[in-house]
Amino acid sequence: MRDSRFSIAKIINRSYKQSWGDKEEKIMRGLKILLLLLSLILISTSSYAKERIIVFHAGSLLIPFDKISKVFEKKYKNYTLVREASGSRMAARKISDLHKPCDVMASADYSVISNLLMDTHNAKFNALFATNSMAIVFTTKSRYADKINSQNWSRILLKKGVIIGHSNPNDDPCGYRAMLVSKLAEKYYKMDNFFKKLFGYPDYYSNGMEKKGKVIVRPKETDLIALLEMHAIDYLFLYKSVAIQHHLKYIDLPPEISLASKKYAKLYKTVSFKVSGKKPGTFIIKKGAPMIYGITIPQNESSPINKKGAKLLVNFILSKKGQLIIKSCGQGVINPPEIIGDNSILK
């Protein structure tokens with residue numbers, strides 16, 4: 001760009017030195033130089049312009065997708081990723097309800113794509129590509145941090161003065177998974193009414209239901225990390241991968257509770273929690289299930305804007321290189337990815 005400006009200055013200088021003719025000739029020369037200048041600026045600007053790929057994704061994919069963005073943009077230099085992290089259900093509603101343009105949407109729960117996008121004709125396929133595990137996350141300054149372990153964590157969380165946090169179940173899969181884990185823990189540890197004692201919720205959550213001084217709720221799971229690090233919260237129900245990425249301490253939960261194992265899929269199904277439905281006042285029942293992430297390209301009147309870029313990005317994420325990046329961030333991968341629906345847009 002600097003060389004272009006230097007060349008333009010030389011052209012202007014030389015042209016004016018040679019323009020000693022009459023006034024009309026000077027005006028004509030000036031117009032030609034102006035047109036040349038504008039054309040060179042347009043050429044220089046267009047050479048630096050990049051095509052945007054708009055990505056909505058789960059908060060737990062913030063760091064993996066940051067790494068993916070850097071590698072992808074280095075490989076495909078004419079593209080730049082514009083990413084919005086939020087709860088997966090919130091991301092889906094931006095597409096289906098608010099009709100916000102989006103090229104790629106990645107969810108921490110593949111069923112969000114199936115229920116809120118495919119069933120509403122806002123997407124045609126769902127690629128199941130990654131896995132995760134629930135954990136109890138804390139810091140060295142959390143109350144009872146020196147005593148908590150995989151056997152007593154449920155009793156520690158019930159102690160007076162201990163503050164816990166979870167994301168909003170209506171916006172974020174990590175939120176309703178926190179409820180499911182608590183209900184499974186009640187069965188596993190044979191603790192009567194553990195879920196009720198801990199949260200005090202019925203079988204659904206609405207803003208303001210949380211116990212004051214005991215439970216803190218935020219829209220997505222990553223919103224709670226700052227509060228944990230500031231010691232405003234002692235323990236979080238959070239994804240193990242996020243704990244690893246942020247170098248936080250965590251309790252590895254038994255597979256019967258962690259929602260990480262296909263082996264216990266039938267056991268997971270024995271617990272459920274209601275989340276807000278497609279219409280006000282309605283609910284969707286979320287049953288326990290192994291944690292599986294999904295990705296899609298929204299297809300409606302608003303999306304995708306950049307079909308070619310969306311195709312390149314999704315195929316890159318599902319590739320061996322994309323999977324290696326995801327694994328490096330503490331998550332499991334599904335290899336090969338499982339495709340639900342019509343994925344012809346990827347071909």
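As the structure is a prediction and not an experimental result, all values here were calculated from the model.
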Exercise for review: Examine Lys183 relative to Phe273 and say whether NZ or CZ is less than 6.0 Å from the centre of the six-membered ring and inside a 45° cone about the ring axis.
Suggested key: no
By the salt bridge (charged side-chain N to carboxylate O under 4.0 Å, His left out) test, which pairs, at least two apart or in different chains, include something from [range]?
| range | value |
| --- | --- |
| residues 110-132 | none |
| residues 200-215 | Asp203-Lys274 |
| residues 134-155 | Arg143-Asp234 |

Group every Ile, Leu, Val, Met, Phe, Trp and Tyr by side-chain heavy-atom contacts under 4.5 Å, then state whether [X] and [Y] land in the same group.
| X | Y | result |
| --- | --- | --- |
| Leu62 | Leu248 | no |
| Ile339 | Tyr293 | no |
| Phe195 | Phe283 | yes |
| Ile326 | Ile63 | no |
| Ile340 | Ile95 | yes |

Check your understanding: Residues in side chain to side chain contact (heavy atoms under 4.5 Å, CB included) with Thr80, at least two apart?
Key ->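 Counting only residues at least two positions away or on another chain, Thr80 forms a side chain to side chain contact (heavy atoms under 4.5 Å, CB included) with Lys50, Arg52, Glu73.
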Practice item. Could you list the residues that satisfy side chain to side chain contact (heavy atoms under 4.5 Å, CB included) with Leu158, not counting sequence neighbours? Key: Met191, Phe194, Lys197, Leu198
Check your understanding: If you measure from the Lys or Arg side-chain nitrogens to the Asp or Glu carboxylate oxygens, is any gap between Arg218 and Asp172 under 4.0 Å?
Key ->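 Salt bridge between Arg218 and Asp172, a charged N being under 4.0 Å from a carboxylate O: no.
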Exercise for review: Count the heavy atoms belonging to other residues, nucleotides or ligands that lie under 6.0 Å from OH of Tyr79, then report whether that count exceeds 12.
Suggested key: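 Yes, because the 6.0 Å sphere around OH of Tyr79 holds more than 12 heavy atoms from other groups.
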**Study point:** Leu324 CG: over 12 foreign heavy atoms closer than 6.0 Å
**Key:**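 Buried by this count: over 12 neighbours within 6.0 Å.
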Review point. Given the rule in the side-chain contact (heavy atoms from CB on, under 4.5 Å) test, do Ile334 and Ile292 qualify, once you have shown the distances and angles that lead to the verdict?
Key: CA-CA 9 Å; Ile334 297 174; Ile292 298 175; 3.5 Å; yes
Sequence neighbours excluded - side chain to side chain donor-acceptor pair (under 3.5 Å) pairs with any residue from [range]:
| range | value |
| --- | --- |
| residues 246-255 | Lys240-Asp252 |
| residues 298-313 | Glu51-Asn306, Asn122-Asn300 |
| residues 319-338 | none |
| residues 221-231 | Lys220-Asp223 |

Check your understanding: Between Arg93 and Leu98, is a side-chain contact (heavy atoms from CB on, under 4.5 Å) present by the stated rule, with each step listed?
Key -> CA-CA 7 Å; Arg93 288 196 290 264; Leu98 302 179; 6.0 Å; no
Closer than 3.5 angstrom, by distance alone: can the side chain of [X] be matched with the main-chain N or O of [Y] as a donor-acceptor pair?
| X | Y | answer |
| --- | --- | --- |
| Arg89 | Asn170 | yes |
| Ser167 | Gly175 | yes |
| Thr296 | Pro298 | no |

Distance from [X] atom [atom1] to [Y] atom [atom2], nearest 0.5 Å?
| X | Y | atom1 | atom2 | value |
| --- | --- | --- | --- | --- |
| Asp171 | Tyr176 | CG | OH | 11.0 Å |
| Ser96 | Met105 | OG | CE | 9.0 Å |
| Leu180 | Leu259 | CG | CG | 6.0 Å |
| Asn168 | Asn207 | CG | CG | 5.5 Å |
| Ser60 | Phe65 | OG | CZ | 9.5 Å |
| Leu312 | Ile53 | CG | CD1 | 7.0 Å |

Closest heavy-atom contact between [X] and [Y]?
| X | Y | value |
| --- | --- | --- |
| Pro64 | Ile325 | O-CG2, 3.9 Å |
| Ile216 | Ala232 | CD1-O, 3.9 Å |
| Ile257 | Ala185 | CD1-CA, 4.0 Å |
| Ser261 | Pro290 | O-CG, 3.8 Å |
| Leu267 | Thr270 | O-OG1, 2.5 Å |
| Gly165 | Leu224 | C-CD1, 4.1 Å |

Practice item. Taking atom types as modelled, find out whether Ser88 and Asp109 have a side-chain donor-acceptor pair closer than 3.5 angstrom. Key: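 The answer is no; no qualifying pair exists.
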Exercise for review: Please identify each residue that fulfils ring pair (Phe, Tyr, Trp, His ring centres under 6.0 Å) with Tyr188, with sequence neighbours left out.
Suggested key: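 Testing Tyr188 for ring pair (Phe, Tyr, Trp, His ring centres under 6.0 Å), a comparison that skips the adjacent residues, returns none.
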Review point. Can you name the ring pair (Phe, Tyr, Trp, His ring centres under 6.0 Å) partners of Phe237, sequence neighbours left out?
Key: Phe199
Point to revise | Stepwise side-chain contact (heavy atoms from CB on, under 4.5 Å) test for Leu253 and Trp153 | key: CA-CA 9 Å; Leu253 298 175; Trp153 67 268; 3.5 Å; yes
Contact between [X] and [Y] at the side-chain level, heavy atoms closer than 4.5 Å - yes or no?
| X | Y | result |
| --- | --- | --- |
| Leu61 | Arg83 | no |
| Glu84 | Lys100 | yes |
| Tyr189 | Pro254 | yes |
| Lys263 | Pro255 | no |
| Met209 | Pro202 | yes |

Practice item. For residues 102-150, pull every pair meeting ring-ring contact (aromatic ring centres under 6.0 Å, His included), keeping only residues two or more places apart or in separate chains. Key: Phe138-Tyr235
Check your understanding: Once the angle between the rings of Tyr205 and His166 is folded into 0 to 90°, is it parallel (under 30°), tilted (30 to 60°) or perpendicular (over 60°)?
Key ->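 Tyr205 and His166: perpendicular rings.
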Practice item. Kindly indicate, with the supporting measurements, whether the criterion side-chain contact (heavy atoms from CB on, under 4.5 Å) is fulfilled by Ile297 and Leu346. Key: CA-CA 9 Å; Ile297 297 173; Leu346 292 178; 3.8 Å; yes
